[in-house]
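Data first, discussion second: the structure below is written as structure tokens.
Chain A is the first sequence line, chain B the second, and so forth, proteins listed ahead of strands; every chain is numbered from 1.
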Amino acid sequence: AFFWLVSLLLSSLIWFIAVKASDPRDEPLQKGLLIFGVMFSVLLQEAFRFLYYKLLRKAIEGLVALSEDGCSPISIQQMAYVAGVGFGLMSGAFSMINLLADALGPGTVGIHGDSQLYFLTSAFMTMVLIFLHTFWGILFFHGCEHRRWWEIVAVVVMHLAVSGSTFCNPLYVGSLVPSYLLMAAAAAWAYLLSGGSAQNLRHFLLCKS
Amino acid sequence: MLTFMNNSDSEEEPCNERTSLMSAESPPVPSYQDGLQASEAGEAQAHRKRRTGSSRSPNNVADGDMSDSSVPVRESASENEEEELTLKYGAKHVIMLFVPVTLCMIVVVATIKSVRFYTEKNGQLIYTPFSEDTPSVGQRLLNSVLNTIIMISVIVVMTVFLVLLYKYRCYKFIHGWLILSSLMLLFLFTYIYLGEVLKTYNVAMDYPTLFLVIWNFGAVGMICIHWKGPLQLQQAYLIMISALMALVFIKYLPEWSAWVILGAISIYDLMAVLCPKGPLRMLVETAQERNEPIFPALIYSSAMMWTVGMAKPDTAARGPSQQTWDAAEDGRENHRNPSHADSRMSEARGPVPTRPITSFEELEEEERGVKLGLGDFIFYSVLVGKAAATASGDWNTTLACFVAILIGLCLTLLLLAVFKKALPALPISITFGLVFYFSTDNLVRPFMDTLASHQLYI
């Protein structure tokens, strides 16, 4: 969560500088700067995920060295999951919490002609992003562990795609549907990477021991 | 300050998870002391002037006593094992400290966001005499710096005074001071707080009921804090006391002064704990020399402490050990606020009934735990509360400050495990908190607002 926060800080710093240095009345320029800001922020988030991976690797080595039986109390997969959840929660909290605070107060949704479904779609979008961050965490760390760069690249591309799809808002079908599809794909992939299989799933669902 | 409580050695200790750290073979571990937040003892005045100060007493009495008898041969091996155990238990302690700090912050933020009273400006404390309603920026900055200088010097004077009192064994005075301030905190401030909350939610309450509620709350608090009580109740009272203090600070400190004071106090904390002539360090050393637990007051402890008399086999030593124990009882000092005496109570002297007098063979045992001074709680909550109050109604800033403070606390605990001595808990967290507050408020907020208005997600 902290690392996500720092990445957000840096990316907003860049955006802020860019905005201040540019002409505020030029609409397309502002929009372009915003798009640039979003993409840059995505890249920065993934970079920080990588840095976090490096930090955790060092921590695991330390734990292994200190432990009695040569294996650390927490595995890298668990750390990947936790890292993903941390990123996701922080990103979700930052996206949603002001909305939630405003939702308590008096007001009408979409009174100026905007979409009526603003809150609803925001909620769904946030949810899908949190899930995605968790899965990306697992995929990313797995890729770093086993030196499979294409996995890492796939995560970055997916993140860019999801963020990019939000540019279609308020045409929600353009952003929500692809995001959910990507989430399903990432979920299946992460599940398989973590050692799950169709058989495990069947056993679990049918409550076999 | 953060302090680790280590289990002392005890010969006939049965080996279980709790006592595995204190096996007779391994050399006693020097107690870990975290930075003490020197709290100034605030005057208990009707004008609600307060300084928060929390002093954490390093908990190292028995350990300091035993450390002389350590066997150097097995030192390295046990040290390694000790380190590993430290790390293992360290994670648990981090969580044990996260929960109360989070609770305190939640209480403060919830109150700030809902009760209007604490964000209204109704005058200032006499410790911050310069007003900030000046026309020019430079003048305002100057005023806030002057306010900070006055406040910090008051805190330094009070801490030095406290150290002197402790050095010259004026325990009665300190004890009385503590009781007075905790009385005021528990009764007067709670009354005001309750009054404001009831006003906000437009709930009517008659005076007899109010009197009953406040009387019970205050009386149980006094008993819990100054005498014995269940650990969780003590911890709860300490959290409430810290929250009340933080709210008072948030209300009565003008804006810029508050930020400058936060910065200055973390620097002061750093110096007071680490410099050889720093008052807090002298306090720690004095207490170590006398083999007394320092400042059990104003300390939040996360685990049980079974305060027992020092182990002396013969009856001749009964006198001094009994006296030491009594002195330890009385030697609680509020660094900053007498009102923080409560924290002292939370030191969990609860479930130790009659053992101290009778069992002289037992050494001072403590379950391995961590102690954090109440002043730290208070200043963390002040930072987060100020962020909630003044950051243009933005929750992102509050959340960012919260995460920053917790990460700072984590880092401090890590350093504690590495350095194994008293460390100041304020500097790292407050620095992170301040950096994140200003950067989130000025940089991240416009970015996130623009993103939200276009419903873009990053």
Side-chain angles (χ1 to χ4, degrees), chain A residues 1-2 4-17 19 30-31 33-35 37-42 44-45 62-63 65-68 73-74 90-91 93-101 114-115 118 121-122 125-126 128-129 159 162-167 169-170 172 175 179, chain B residues 77 79-92 109 113-114 388 391-411 414 417-418 429 432-433 435-458:
Chain A
F2 183 65
W4 187 88
L5 209 57
V6 175
S7 83
L8 178 67
L9 199 73
L10 287 176
S11 48
S12 47
L13 175 68
I14 305 279
W15 179 81
F16 191 75
I17 293 175
V19 164
Q30 291 298 316
K31 192 89 198 268
L33 274 182
L34 199 60
I35 296 180
V38 167
M39 294 300 155
F40 189 74
S41 172
V42 167
L44 215 58
Q45 280 179 44
L63 282 175
L66 282 177
S67 78
E68 293 169 336
I74 180 169
M90 213 48 202
S91 125
F94 261 66
S95 311
M96 262 324 261
I97 202 158
N98 279 330
L99 269 169
L100 287 173
D114 300 313
S115 162
Y118 186 78
T121 50
S122 298
M125 198 65 207
T126 311
V128 81
L129 254 190
H159 197 168
V162 169
S163 281
S165 72
T166 60
F167 288 127
N169 284 338
Y172 293 122
S175 70
S179 307
Chain B
E79 212 174 83
N80 209 4
E81 187 183 290
E82 207 34 67
E83 257 185 53
E84 173 209 329
L85 287 163
T86 306
L87 283 180
K88 262 196 209 157
Y89 283 93
K92 196 168 76 152
V109 170
K113 288 284 186 189
S114 54
S392 355
D394 194 30
W395 282 89
N396 283 344
T397 319
T398 315
L399 200 57
C401 289
F402 169 69
V403 172
I405 287 181
L406 285 186
I407 294 289
L409 191 62
C410 250
L411 276 176
L414 203 68
V418 167
S429 289
F432 275 4
V435 163
F436 270 81
Y437 170 74
F438 285 112
S439 50
T440 313
D441 199 29
N442 297 321
L443 297 175
V444 176
R445 195 171 42 88
F447 188 43
M448 291 305 288
D449 283 345
T450 324
L451 286 182
S453 63
H454 294 278
Q455 221 175 4
L456 299 177
Y457 282 85
I458 53 167

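Contact of A:Ser122 with chain B is made through backbone and side chain together, with heavy-atom distances under 4.5 Å. Within the 4.5 angstrom heavy-atom criterion, no atom of A:Ser165 approaches chain B.
Residues A:Ala93 and B:Leu399 share a closest heavy-atom pair of CB-CD2, 3.4 Å.
Using a 4.5 Å heavy-atom cutoff, the side chains of A:Leu100 and B:Trp395 are not in contact.
Separation of atoms CG (A:Asn98) and CG (B:Asp449) is listed at 6.5 Å; rounding is to 0.5 Å.
The candidate from A:Met125, A:Met39, A:Met90 with the greatest count of non-hydrogen atom pairs under 4.5 Å with chain B is A:Met125.
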